[in-house]
Structure formats: structure tokens, C-alpha cells
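The structure appears below as C-alpha cells.
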Number of protein chains: 2
Amino acid sequence: MYLLHCNMKSTSLPKLHSDFSVDCVIFGFDEGELKILLIERNEPPFEKWQALPGNLAYDNEDIDEAAQRVLYELTGISGVFMKQLYAFGKIDRHPQGRVITVAYFAIIKRTDEGLHPVTSYAKKAFWCPANDLPKLAFDHKEIAQHGIQVLRNTIKYEPIGFELLSEEFTLSQVHHLYEAILEKSIDKRNFRKKIMSFDLLTALKKKKPGVAHKAPWLYKWNKDKYEKLKEKGFVFEI
Amino acid sequence: MYLLHCNMKSTSLPKLHSDFSVDCVIFGFDEGELKILLIERNEPPFEKWQALPGNLAYDNEDIDEAAQRVLYELTGISGVFMKQLYAFGKIDRHPQGRVITVAYFAIIKRTDEGLHPVTSYAKKAFWCPANDLPKLAFDHKEIAQHGIQVLRNTIKYEPIGFELLSEEFTLSQVHHLYEAILEKSIDKRNFRKKIMSFDLLTALKKKKPGVAHKAPWLYKWNKDKYEKLKEKGFVFEI
DNA sequence: GCAAAAGTGTTAACTTTACACCCATGT
DNA sequence: ACATGGGTGTAAAGTTAACACTTTTGC
């Protein structure tokens, strides 16, 4: 393997080592639209291109932790629960040589506060409509596309949609979120019936103020109750 | 990054490079039991240990192709369609240094013919009951366990079970396969009704010979028809 | 003739779908 | 008073789940 080219002490087994990167596909939801978090790169290769937040991992860094760090450095966002999406390994996907990348996936309550790169690797971080992505660096467009597919599949069987909304939300917001992500219309009455049948929303005793029509009730997602039910084998399904 | 330690020409951007491995979780089904394909290692580290078929990839090798090659070299099996399972990246998972591994997943018609290592990296290849795995090299037990989970989820929504059976099979074989993988009993009449309702099995006009009871009819999986239906949005679900 | 597995239908409970009008609020 | 989105129920169709006996074959 390549390390034999370096002048190392000859030991019984050569020391191995990986260079690899992580890329983050982060979803938000705003103005009835699904958004993906992008950065503008400030370093070669692909300087000035738009890209997913991603970078090389350190040698002594766990792959999951690398994703956390890279997301923070490039966007200022921290403490997000990310799931591994897929490893992308085409041999020419990186112009500087063989680098495989592990893509991570998360959905968050969209915010613009604190959305600033912490290092100079990125010029800026911004939200982009998920179905109107520009040309992206590396194979990031393929990665983002794959993320959207996984989001669509996941949202049907896991209650991740609530992570995209603010703490308190209306049933219509949930309804519109599902319609936007699944890209199909869903009967309002049937949707409400189903979502309420799980008995996993806490009805707040207040209505959304300042709307020019009948004020909707507000709800909260009851995560604790969901976790308990899930342990007993309950499966959320829309 | 580490390559700076080597005496390379100084260029504007350092050349990057990954060392990583692939590991294959291959399922077979035999004697009513789910099996996983293992090897006995013939090289350090973990010499003489049992392990999943896996090895380092070459620099100029696509990640998916590496999985094909490694499986062939260690077990003699080729031409299997493998899907990526997960990337495992704990920093200490490989005793020689930082190596991330990409696990691949496939299910095949179990055979002992041609089940022989082609290189000397493995002493032998053999099938092992999936719910009675021995201690395995590296983090391979965790990888195998993850593979079993994915198999259970996948078999409910995709007709991959037929890939585990021989070309011609009986309905009882399918029924027992599902019971074995999902580890629960399934009503015989309801199961047969459902599986026949898809209209995706071709009934052969012959019965299985040489059985000491009523001879069962044989069927074939109609893959072409399934692929066409799938394009139109059909979802197989047990 | 008996052991072993194959094969077969009906009913009740539940889930899903389709569908249209009145209500509360701000301007 | 009107425009806007909020909120509600029922019936028909389809799906799932529970359940037991007869048939064929080799020994």
C-alpha cells in the first residue's frame, strides 16, 4: 500500500491510515418549502462554488464527530443529531485524489440566527430551496438528491417532520409540510384524523395570534410519549 | 494532512488519498435457517480468526467494484449484486491504524460449489447460522448484526426473499423463509393469499418429487413483471 | 393406516378513502 | 360583508386477521 513509499521504519505490519471527508445534508422548512443548507466555498478546490457543508476529517476523529465539527465550522450550527446517509466512493469524485466521503443527514428547525461560518473555509452559509438546487461542487448534487429521497422515505415511517417545525405548530403546518415533502396533495380531514389518532400531539390551550382568519389551535410534539410507545413496538406511519 | 510527512514535490494543493476497506455481509438460506458467509483469515491482523469477507480496496478502484473483487478473492463467489449497507468509522476499529470500512450486503442462493478462497488471504470460506455467530475479527460482529437488521426491514418491503431460494420453489419454502427471517409465525392461509395476490409467481406445471407427503406445486419468481410494476409505482409489502 | 406436510374460504374487525359545508377572524 | 384559512363526520370500499378441516403421498 502507498505508505511504503514513505520512509518509515520497517515494522512487521505497515501502519494504515485513511483520508476521507464528511458532507452534511441538512434540511429546513420555511415558507411552505423544503430547504437545504449550503455554503459558498472559500478554499480550493472548487473555490467560490456552492457546496454542501463538508470537509476532510482528522486522523484521530470519529466519523460521526467529524460531521458535527465540520457542520459547526462551516455554518455555526451545533448539537444537531445527524444520521449517516451513504458513503460516496467514485475514484474521481475529488480532483486532488482518492477521497471517499461519508454523507450525513439531519433536519432542523430553520433559523437564520447564528448561521455564520466559524472558519474561513466557507464564505457564507445559506438556505436553498431543495427542488431548485444550483450546480454544486464535487458530486454534492448527487449527494443532496440522495438525501431528498431518504427524507421522503423516512418521513412516512418516522415522525421526523416535527423537527422541521417550530416548538409550537398548527395542524395545517404539519399538513403543508407533508404535502411539500411528499409532493402530493393529502386530504385535509383524513390527514388530521390520522395524525390525531396517534395521540402524540399535546394540544396547547392557546391559538395562534394575529391571523386574518379563524385562529388555529397550537400543538406540541410529545416526544417522550412517542419514545415509550416505540419501545413497545409502535410504528408511526403516515 | 499526513501526506505532508512524505517527501513529495511541493505543489499548490497536496495530493489526497484514502485507505479504506470493504466488508461483505452475504446471506444464504438453508435447512430452514438464515446463514451468513464467513471466512477464516490467513493473514495478520486477526490471523486464524473468523471474519466477514473483507479487505482493503486499491487506490484506483471504485468502492462498489472493490466489494466485488474482495468477495471473489476470499470466497470464489462472483457476479453478486451487492448494496451498500453502512460505513463503519470508529477510530480504533483496525489495529494498524485509521481505516474506515464500507459494508456491503447481498443475498444469494446458497451453494457450496465453488466456495473456495482464490487468494491465500483466507484459509477457507463457510456458511454460519446467522443467529449463532462466533467471535469475529475487527468490529465484524457489529457489522453482521447491522446487516441482519437491514435484511429484516428490507424483506418486508422488497421481494428479495426469492433471491435466497433456488430457481424453483414451493409456497411453503417462501413461508418458512419469512418466518425464519422475521422470527415470528405467520398464518399459513393469509400468507399464501397475500403472496399469490401480487400475481408475481409463475406456477410451474410440476410438483416437487420424492417427498413423503402430498407433493407441493413449484413456482418461479416473475422478476420481469415485478420490475415493470415497480416502475408504475407498485410496492411489494408483506 | 398413519404420519407429514399441502392446500383451501369465510367472516368479523379494522383501516382507508372520498367527499362539502359552516366557523372565526381581520380588514 | 367579504376574504381567508380553520375545523368537522359519515358511509362505502378495501384490507387484515382469525380460524379448522380435507387431501395426497411414502412408508
Side-chain angles (χ1 to χ4, degrees), chain A residues 29-33 155-157 159 161 165-166 168-180 182 184-220 229 233-238, chain B residues 29-33 155-157 159 165-166 168-180 182-220 229 233-238:
Chain A
F29 186 74
D30 188 39
E31 293 160 20
E33 212 180 24
I155 207 164
K156 282 192 233 166
Y157 301 107
L165 298 171
S166 53
E168 305 185 348
F169 50 81
T170 70
L171 288 185
S172 290
Q173 283 178 299
V174 182
H175 183 207
H176 292 142
L177 176 91
Y178 272 82
E179 289 192 325
L182 298 177
K184 65 171 190 184
S185 68
I186 303 171
D187 181 88
K188 181 166 60 157
R189 276 181 288 191
N190 292 338
F191 181 84
R192 288 173 163 248
K193 237 181 295 168
K194 176 158 237 171
I195 211 102
M196 294 312 280
S197 74
F198 300 133
D199 201 18
L200 284 168
L201 297 187
T202 307
L204 304 179
K205 285 177 186 78
K206 55 184 176 180
K207 298 186 173 186
K208 191 173 177 177
V211 287
H213 52 76
K214 182 172 178 178
W217 291 100
L218 290 167
Y219 296 85
K220 264 191 176 173
L229 279 173
F234 168 79
V235 180
F236 179 95
E237 186 178 347
I238 291 290
Chain B
F29 186 73
D30 188 42
E31 293 159 21
E33 211 180 24
I155 207 164
K156 282 191 233 168
Y157 301 106
L165 298 171
S166 53
E168 304 184 349
F169 51 81
T170 69
L171 288 185
S172 292
Q173 284 178 299
V174 182
H175 183 208
H176 292 142
L177 176 92
Y178 272 82
E179 289 192 325
L182 298 177
E183 288 186 319
K184 66 171 190 184
S185 69
I186 302 171
D187 181 87
K188 182 166 60 158
R189 277 179 289 189
N190 292 338
F191 181 84
R192 291 167 87 103
K193 237 180 293 168
K194 177 159 236 170
I195 211 102
M196 295 311 282
S197 74
F198 301 133
D199 201 18
L200 285 168
L201 297 187
T202 306
L204 305 178
K205 286 177 186 78
K206 56 185 176 179
K207 298 184 174 189
K208 192 172 175 177
V211 286
H213 52 77
K214 183 171 178 177
W217 292 100
L218 290 167
Y219 296 85
K220 265 191 176 173
L229 279 174
F234 168 79
V235 179
F236 179 94
E237 184 177 350
I238 291 288

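Convention: sequence-line order gives letters A, B, ...; per-chain numbering from 1. As a basis for the values below, the full set of heavy atoms in this structure was taken, side chains included, without hydrogen atoms, waters or symmetry mates.
Residues A:Tyr178 and A:Val174 have side chains in contact (heavy-atom distance under 4.5 Å, counting atoms from C-beta outward). Looking only at side-chain heavy atoms (C-beta outward), A:Tyr219 and A:Met196 come within less than 4.5 Å of each other. When side chains are defined from C-beta on, B:Pro216 does not count as touching B:Leu171, because their heavy atoms never get closer than 4.5 Å.
One distance of note links CD of B:Glu168 with NZ of B:Lys208; it measures 11.0 Å at 0.5 Å rounding. Expressed to the nearest 0.5 Å, how far CD of B:Glu33 lies from CG of B:Leu177 amounts to 12.5 Å.
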Problem set entry | Worked check of side chain to side chain contact (heavy atoms under 4.5 Å, CB included) between B:Leu201 and B:Trp217 | CA-CA 12 Å; B:Leu201 297 187; B:Trp217 292 100; over 6 Å; no
For this session: For the pair B:Ile155 and B:Ile238, evaluate side chain to side chain contact (heavy atoms under 4.5 Å, CB included) and give the outcome as yes or no after the intermediate values.
Result: CA-CA 8 Å; B:Ile155 207 164; B:Ile238 291 288; over 6 Å; no
For this session: Start with the C-alpha distance between A:Arg192 and A:Ser172, add both sets of side-chain angles, then the distance that settles side chain to side chain contact (heavy atoms under 4.5 Å, CB included), and finish with yes or no.
Result: CA-CA 9 Å; A:Arg192 288 173 163 248; A:Ser172 290; 3.7 Å; yes
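Within 4.0 Å (heavy atoms only), B:Ser172 reaches sugar-phosphate atoms of the nucleic acid but no base atom.
Proximity of residues 190-203 of chain A to DNA chain D (heavy atom under 4.0 angstrom from any strand atom) is restricted to A:Arg192, A:Lys193.
Mapping A:His213 and A:Lys188 onto DNA chain D by nearest heavy atom places A:His213 closer to the 5' end of the strand. Heavy-atom distances to DNA chain C give each of A:Val211 and B:Ala212 a nearest nucleotide, and the one nearer the 5′ end belongs to B:Ala212.
Distance CZ (B:Arg189) to P (D:dT16): 17 Å, rounded to an integer number of Å. Rounded to whole Å, atom P of D:dA18 lies 13 Å from atom CD1 of B:Ile186. In this entry the distance linking NZ of B:Lys214 with P of D:dT22 reads 13 Å, nearest Å. Between A:Gln173 atom CD and D:dG5 atom C1' the separation is 13 Å, expressed in whole Å.
Using a 30° and 60° split on the angle between ring planes, A:Phe198 and A:Phe234 fall in the perpendicular class, above 60°. Taking the six-membered ring for Trp and thresholds of 30 and 60 degrees, B:Tyr157 and A:Tyr157 have ring planes inclined between 30 and 60 degrees apart.
Nearest heavy atoms, A:His175 versus A:Ile186: NE2-O, 2.7 Å.
Contact footprint of chain A on DNA chain C: nucleotides with an atom under 4.0 Å from a non-hydrogen protein atom, first to last in 5' to 3' order, C:dT16 to C:dG26.
Taken over five-pair windows at either terminus, the axes of the helix from C:dG1-D:dC27 to C:dT27-D:dA1 are inclined to one another by 0° (rounded to 10 degrees).
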